[in-house]
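All values below come from the heavy atoms of this structure, side chains included, with hydrogens, waters and symmetry mates left out.
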Amino acid sequence: SPSTWTHPRRVFAVAAAILLIAGISTVMSVRGPSNTPSLTNSIAQAFGVVNADAASAGNFSATPTSPQGFNVLACPTSEVCYLESTNAVGVNGDSSMTTAYKTVDGGTTWTPISLPAAGNPDTSFSCSSVSVCSVGMLSAPAGSPAGPFPLGGVQSMLTTTDGGATWTSHVVAINPVLGDDAALDTSLVNVQGQWSQLQCFSEVSCIAAAVVPSDQPQEPIQSGDNNAGVQRTVIMRTDDGGVTWTSSVLPWSTAFDGSPGWSNAQLMTLSCATASNCVGLSAVFHSVVNNAQTSNVLVWRSTDGGITWQTNWAPAPALMLSSLRLTCPTTMQCYAPVAVGSSLRSNKNEIMMTNDGGITWTFVTPAPVGSASSIDEYNSVSCTSASTCWIAGEVMPTGRLGSSQAAIWATSDAGQTWMSVSLPITLGVIGQVDCNAPASCLAVAQPPYLDGQGIPNGPLPGEILSNQNN
């Protein structure tokens, strides 16, 4: 049976918020297992899916029986992929249920796989081969108070070396960062940090980025806000399969103009082209009371597997990460979706690229589509080489998420030119594309939820698209 978990998980709430703000997507089936139109067909067609029963249109086609939910892919090869499918459950959607799947035929069929630990995944699968994968798991006691770090929360890592048939589990201690303001320490008793990202290079060697509570006072968002500790980013490394970990707290940074960096906005997105060469990006918000809106992207570079880091600023004077997704196909080349603008509410999406390991960056953004009021959004980038990449995103003709038209762009010259890829859906959002070869990509799509609309309980409509055999 499917491996499912329920608990009042704050991470899914964050995912839902990201979905509404940044357009990160979910998936469902657009065709039933037989030729008879299914309920999901009807939902898909209502959201503008074209040729849903034919499962064939353009360069990408809909896969026959996609799992439904907020889906995240990890594909170690063209044929083998692992997937986490999460849906809101419970009263008012205050809990979540995650099911793990695997495909060995490029997404044509998906088989549930059982994970032994309680809780929910808080990272995507990271696979160093078709049979060796790891995933982070977060669990908390039932009824633990709401908040970013639940009391009694436990982080663990699961690893399989036989393609998901069996798993080993190791608890990972992520202690709070102390030593700044002892008055805040009482709020950190029985509280642990949690992972935001995991990347494994073998069954024994992995690096993780964790968000950790601290007793460093944060600047208030508004005057009179209660004093609280900032969240710090910790880089963790294991070379014995998760039995032991070394940890280093990333230094706190001032803002681009030298003013204090504001509160907990230094989450990192990390990509390592090798076990030694890693690049990270974090958004550092300016410390401005009543207006913590402006940010810049700080670049982190390591050549020793995350033990030490060098930093530099991304090029524009006002930047923020539009999604926590950075990809580095080589030690020198990296691509990342970013937003450029004077504030959170007025920004333009761009693709940022480096050719020297993160020291300098340029923008390699597709030409705009549509009218002046139209907005192109970029959610993730997948590359099969330094020059061949795909962008997952959407075009919003009216500038609002509810009008989103699913979009994928492709380049074969390192972003100098981009081609719009034909898709079998009209209205929608592409949140992720994962490619192992030019004709071997899977993409995760969903219908466009109206701005501010709550995420419904139960399976979320969407679909998984494939360009294999097209």
Output yes when a side-chain donor or acceptor of N436 lies under 3.5 Å from a complementary backbone atom of C75, and no otherwise. yes

Test item: Q216 side-chain N/O and D180 main-chain N/O as donor-acceptor pair under 3.5 Å: no

Given 3.5 Å as the limit, does a donor-acceptor pair link the side chain of S271 with the main chain of C328, or not? yes

In terms of ring plane angle, is the pair W110 and Y101 parallel, tilted or perpendicular, where the classes change at 30° and 60°? perpendicular

Side chain of T269, backbone of L326: donor and acceptor closer than 3.5 Å? yes

If you define the side chain from C-beta out and look only at heavy atoms, does anything of V279 sit under 4.5 Å from V299? yes

Quick one about N312 and R301 (side-chain donor to acceptor, distance below 3.5 Å, no hydrogens or angles considered), yes or no? yes

Look at the SG atom of C200 and the SG atom of C127, then say if they are under 2.5 Å from each other. no

Does the N175 side chain pair with the main chain of Q192, one donor and one acceptor, at a distance under 3.5 Å? no

With no hydrogens and no angle check, is any side-chain donor or acceptor of S302 less than 3.5 Å from a backbone partner on C278? no

Please check this pair: side chain of Q155 against backbone of W195, looking for a donor-acceptor N/O pair closer than 3.5 Å. yes

Name of the residue among S205, S247, S248 meeting side-chain hydrogen bond (donor to acceptor under 3.5 Å, both in side chains) with R237: S205

Taking S85 for the side chain and P67 for the main chain, is one N or O donor matched with an acceptor at less than 3.5 Å? no

Under 30°, 30 to 60°, or over 60°: which ring-plane class applies to W300 and W309, parallel, tilted or perpendicular? perpendicular

Where the side chain of T160 meets the backbone of T166, is there a donor-acceptor pair that is under 3.5 Å apart? yes

Side-chain heavy-atom pair E79, Q468 within 4.5 angstrom cut-off: yes

Would you give the length of the straight line joining atom CE of M157 to atom OG of S169, rounded to the nearest 0.5 angstrom? 9.0 Å

Test M236 against every option in V212, I174, I207, L198 by the side-chain contact (heavy atoms from CB on, under 4.5 Å) rule and name the one that passes. I174

Using 0.5 Å steps for rounding, measure from the CD1 atom of I113 to the CG atom of L115. 5.5 Å

Taking S196 for the side chain and A209 for the main chain, is one N or O donor matched with an acceptor at less than 3.5 Å? yes

May I ask you to check whether N379 and Q432 show a side-chain donor-acceptor distance below 3.5 Å? no

